[in-house]
**Q** 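Here it is, the structure in full.
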Amino acid sequence: MYDLCIIGGGAAGLSCAITAGRLGLKTLLIDKNNKLGKKLYATGNGRCNLTNMNFDSKVHFNSSATAYNYFIDSALSNSYSKKTPNQQIIEFMSSLGINTMEDNGYVYPSSAQASSVVWAMLDAIKSYDINVVQNEEVLSISGKYPEFTIKCKNEAFNAARIVLANGGAAYKSLGGSTSGYQIAKSLGHSVISQRPSLCGICVKECLDAVAGVRANAQIKLLDNNSTVVQTSKGELQITKQGVSGICIFELSSKAGRLLEEGINPILDISFIHSEDNKKYNQILKSIDNISDCNRTTIGFLNGYVNDKLAAYICDTNNISGKSMVSELNKTQLTNLVESLYSLKLHITSLYDMEQAQVTAGGVNINEINPKTMESLKVPGLYITGELLDIDGICGGYNLTFAILTGIKAGKSINDKNKSD
Ligand SMILES: Cc1cc2nc3c(=O)[nH]c(=O)nc-3n(C[C@H](O)[C@H](O)[C@H](O)COP(=O)(O)OP(=O)(O)OC[C@H]3O[C@@H](n4cnc5c(N)ncnc54)[C@H](O)[C@@H]3O)c2cc1C
């Protein structure tokens, strides 16, 4: 009989197994993939963005629970030391022999290879009393503390405690599945409906003519009252489906929530790099000079944006790109400048789960003790990582959450074991 059985060998499950193994617990780790840490290899474009030096839970995480700031702060704090989440991640990596480096606040392994993180974790797993079962999907869990039965397709196991580290539904090809939600539900937990997050956004407008264009942009996510819900900036990637890129990923969680509430949000995109209206007014003023000179409308717009985007702006304003700027009236010119400064795209949906990096929604965090990650409904059951109704923005927040909640579950089980 095992002290604990961890279901899922991703970031949370591996961190939990290493922690439990170090503390001398008899541990079973089960994963349905043929490879442990399969998703980890693909993180951070193969570089694995482990954490972030600019941590602020209020800004970087989303959940449908109102008290989620308390939950995250508590789940990511370390009762043994006062270390911040990023320090804890760097320290844990260092204990595995992984040095880290920082790039604009983003923390990566110094090797710049996600594989180095997975291999170090797997080497650690081999050093302890951890039985690893791969290629086996856990189908159900029955019983209760101190004897749960874990049923897989071909085998069954017994353990005193269970850690669910099944991850979310995103990116099925890398292990994403809904099985964790089903198991949690079968054990009595409520589960918030899931939707893709950190993904591209589909829009009503036809963007075929500009597909493939990349442009630096400042973007506002507006609700149907034109209230700014969130802002972001960076490289916007236009596709046939809609818009993508990290700046869009960051807006996707809130956009998904608005859609779920029946609101059709809008992306308000500025291709002019200015925090205020100064540049806008400058462009408007310069129109008089431009209209004196011999430029086509598309040429004028191409002074600010990619030529395909310039043509798109002409089309959406019903102005021929070939017409001379001097031929346009003031209203037409103002509309063109307005499009550079505030191009509106109407959100219809998000890209699908297979193209999302993270799942929003999941096991209701009100039913979990964030100090231990133990279920408040089922003693002896621990729930960690992306399976919970918490999703972070880009920048290492999701791995930080998965790794630290995995470690926390391992430590809490050891504390409970000692006090039993
Ligand atoms: C392409 C991509 C890039 C990303 N880059 C970053 C990044 O750079 N930084 C960052 O912070 N986040 C990143 N993320 C998000 C991050 O990888 C995840 O949030 C994190 O891996 C979640 O960890 P987890 O352990 O909870 O789940 P997972 O890593 O998904 O692991 C869950 C594991 O459970 C297994 N499993 C599920 N159900 C069962 C079952 N019933 N029986 C047995 N096994 C089961 C799965 O096979 C899987 O191995 C990225 C995600 C993707 C898809």
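The residues of the chain are indexed from 1 along the displayed sequence. As the structure lists them, so they are numbered: ligands from 1, and atoms in each ligand from 1. This structure is a prediction, so every number in the text was calculated from the model and none was measured.
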**Q** Between E91 and S95, is there a side-chain donor-acceptor contact under 3.5 Å, judged purely by atom types and distance?
**A** no
**Q** Quick one: look up the protein heavy atom nearest atom 11 (O) of ligand 1 and list residue, atom name and how far away it is.
**A**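 Result for atom 11 (O) of ligand 1: L399 N, 2.7 Å.
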**Q** State whether the number of non-hydrogen atoms from other residues, nucleotides or ligands found under 6.0 Å of I263 atom CD1 is greater than 12.
**A** yes
**Q** Hey, is CG on N34 packed in by over 12 heavy atoms from elsewhere, all under 6.0 Å?
**A**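 Enclosed.
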**Q** Pick one of side chain, backbone, both or neither for how T384 approaches ligand 1, counting any non-hydrogen atom pair under 4.0 Å.
**A**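 Looking at T384 and ligand 1, no heavy atom falls under 4.0 Å.
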**Q** May I ask you to identify the nearest protein heavy atom to atom 8 (O) of ligand 1, giving residue, atom name and distance to one decimal place in Å?
**A** G44 N, 2.8 Å
**Q** Could you tell me, atom by atom, which parts of ligand 1 come under 4.0 Å of a heavy atom of E386?
**A** 18 (C), 19 (O), 20 (C), 22 (C), 26 (O)
**Q** How far is atom 48 (C) of ligand 1 from its nearest protein heavy atom, and which residue and atom is that?
**A** D31 OD2, 3.4 Å
**Q** List ligand 1 atoms under 4.0 Å from G10, heavy atoms only on the residue side.
**A** 25 (O), 29 (O), 31 (O), 33 (C)
**Q** Which one holds for K39 and ligand 1: side chain close, backbone close, both close, or neither close, with close meaning a heavy atom under 4.0 Å?
**A** side chain
**Q** Heavy-atom distances under 4.0 Å decide this one: backbone, side chain, both or neither, for E136 against ligand 1?
**A**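 Backbone only.
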**Q** Would you call I98 and S116 a side-chain contact if the rule is heavy atoms closer than 4.5 Å?
**A** yes
**Q** Before signing off on this row, confirm whether V138 and ligand 1 have an N or O atom pair separated by under 3.5 Å.
**A** yes
**Q** Between S190 and E367, do the side chains contain a donor N or O and an acceptor N or O under 3.5 Å apart?
**A**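 The criterion, which ignores hydrogens and geometry beyond distance, is satisfied for S190 and E367.
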**Q** May I ask you to identify the nearest protein heavy atom to atom 27 (O) of ligand 1, giving residue, atom name and distance to one decimal place in Å?
**A** G167 CA, 3.2 Å
**Q** Can you list, pair by pair, the side-chain donor-acceptor contacts under 3.5 Å of residues 156-164, counting residues two or more places apart and other chains?
**A**
from : atom 1 : to   : atom 2 : distance (Å)
N158 : OD1    : T149 : OG1    : 3.0
R161 : NH1    : N417 : OD1    : 3.0
R161 : NH2    : Y145 : OH     : 3.4
R161 : NH2    : D420 : OD2    : 3.0

**Q** Hey, are N86 and T84 close enough side-chain-wise for a donor-acceptor pair under 3.5 Å?
**A** yes
**Q** Any N or O on A12 sitting closer than 3.5 Å to an N or O of ligand 1?
**A** yes
**Q** Any idea which protein heavy atom is nearest atom 34 (O) of ligand 1, and the distance to it?
**A**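 Result: G8 CA, 3.1 Å.
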**Q** Is the NZ or CZ atom of K39 both under 6.0 Å from the centre of the six-membered ring of Y171 and within 45° of that ring's axis?
**A** no
**Q** Over 60° means perpendicular and under 30° means parallel, so tell me whether Y397 and F61 are parallel, tilted or perpendicular.
**A** perpendicular
**Q** Just to be sure I read this right, does ligand 1 sit under 4.0 Å from the backbone of Y397, its side chain, both, or neither, counting only heavy atoms?
**A** backbone
**Q** Name all residues meeting the salt bridge (Lys or Arg N to Asp or Glu O under 4.0 Å) criterion together with K411; count only those two or more places apart in sequence or in a different chain, and write none if there are none.
**A**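 With sequence neighbours excluded, K411 shows a salt bridge (Lys or Arg N to Asp or Glu O under 4.0 Å) to no residue whatsoever.
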**Q** Write out the residue and atom name of the closest protein heavy atom to atom 53 (C) of ligand 1, then the distance separating them to 0.1 Å.
**A** Y171 CD1, 3.1 Å
**Q** What I want to check is whether the side chains of S412 and T372 have a donor and an acceptor closer together than 3.5 Å.
**A**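 S412 vs T372: no donor-acceptor pair found between side chains.
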**Q** Could a heavy atom of G396 be found less than 4.0 Å from some atom of ligand 1?
**A** yes
**Q** Between A165 and ligand 1, find which residue part has any heavy-atom pair under 4.0 Å and reply side chain, backbone, both or neither.
**A**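 Backbone only.
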**Q** Counting non-hydrogen protein atoms only, what is the nearest one to atom 13 (C) of ligand 1? Give residue, atom name and distance.
**A**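 Result: T43 CG2, 4.0 Å.
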**Q** Under 4.0 Å from a heavy atom of N398: give me the atoms of ligand 1 that qualify, with their elements.
**A**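 Near N398, meaning under 4.0 Å from one of its heavy atoms, ligand 1 has 11 (O), 12 (N), 15 (C), 19 (O).
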**Q** Measure the distances from the heavy atoms of A42 to every atom of ligand 1 and state whether one is below 4.0 angstrom.
**A**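 Flag set, A42 near ligand 1.
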**Q** Are K38 and ligand 1 in contact, using a heavy-atom cut-off of under 4.0 Å?
**A** no
**Q** For ligand 1, which atoms sit closer than 4.0 Å to a heavy atom of N33?
**A**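 Every atom of ligand 1 under 4.0 Å from some heavy atom of N33: 47 (O), 49 (O).
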**Q** Which pair of heavy atoms, one from L399 and one from A11, lies closest together, and at what distance?
**A**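 For L399 and A11, the tightest heavy-atom pair comes out as CD2-CB, 3.7 Å.
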**Q** Quick one: which of S179, G362, G385, S177 has a heavy atom closest to atom 41 (N) of ligand 1?
**A** S179
**Q** Looking only at heavy atoms, is any part of A402 under 4.0 Å from ligand 1, and if so is it the side chain, the backbone, or both, or is it neither?
**A**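 For A402, only side-chain atoms sit under 4.0 Å from ligand 1.
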**Q** Write out the residue and atom name of the closest protein heavy atom to atom 45 (C) of ligand 1, then the distance separating them to 0.1 Å.
**A**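 That would be K32 CG, 3.8 Å.
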**Q** Between H60 and F55, what is the ring plane arrangement, given parallel below 30°, perpendicular above 60°, and tilted in between?
**A**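 Ring orientation of H60 relative to F55: perpendicular.
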**Q** Does a donor on one side chain and an acceptor on the other come within less than 3.5 Å for Q218 and S270?
**A**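 No donor-acceptor contact under 3.5 Å links the two side chains.
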